[in-house]
Amino acid sequence: MKKTTLIYECDNKNHNGTLKMEGSLADLTAAAGKILMEISKAAAKALDEEPADIAIRIAGASIDMLMDEKKGEGNE
């Protein structure tokens, strides 16, 4: 079985991140989903909210960041 690795390293000071990935797209997608699920459950517990609501907020923020990045590319 092929090993899938998905690593995200982030500088807490300025929040610049580096993503390192290995494996098939399907494996990486599943890994990213599992990470989102675990983060959502932990955040929901800390905030006394539903994990699905947290996952939706994270997904929405991710989409916003992608759109901002796309707009930035258009301005270059």
Side-chain angles (χ1 to χ4, degrees):
M1 178 189 290
K2 187 173 185 179
K3 183 177 180 180
T4 300
T5 304
L6 178 62
I7 300 170
Y8 179 73
E9 298 171 337
C10 182
D11 177 345
N12 287 334
K13 185 175 181 181
N14 56 22
H15 302 288
N16 289 333
T18 301
L19 183 62
K20 300 174 184 178
M21 302 183 295
E22 294 177 359
S24 71
L25 180 57
D27 289 344
L28 294 172
T29 301
K34 183 69 174 168
I35 292 167
L36 175 59
M37 184 176 81
E38 294 303 323
I39 290 169
S40 298
K41 289 192 306 187
K45 186 175 181 179
L47 299 171
D48 195 29
E49 296 186 24
E50 290 296 317
D53 294 337
I54 299 294
I56 290 167
R57 287 169 43 194
I58 293 169
S62 298
I63 291 167
D64 290 345
M65 287 186 287
L66 287 168
M67 296 304 292
D68 289 346
E69 188 175 278
K70 185 176 180 180
K71 287 177 189 173
E73 289 175 2
N75 292 331
E76 291 178 358

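Only heavy atoms go into these numbers, but all of them, side chains included; no hydrogens, no water, no symmetry mates. The first residue in the sequence is number 1, and the count goes up from there.
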Are there more than 12 heavy atoms of other residues, nucleotides or ligands under 6.0 Å from atom CD of E50?
no

Inter-residue atom distance K20.NZ - I7.CD1, 0.5 Å rounding:
6.0 Å

Can you tell me how far the CG atom of L28 sits from the CD atom of E22, to the nearest 0.5 Å?
9.0 Å

Work out which heavy atom in P51 is nearest to a heavy atom in S40; give both atom names and the distance.
O-CB, 3.5 Å

Going by the rule side chain to side chain contact (heavy atoms under 4.5 Å, CB included), which residues pair with I35 if we only count those two or more places apart in sequence or in a different chain?
L6, I39

Does L47 belong to the same Ile/Leu/Val/Met/Phe/Trp/Tyr cluster as I58, with side-chain heavy atoms less than 4.5 Å apart forming each link?
yes

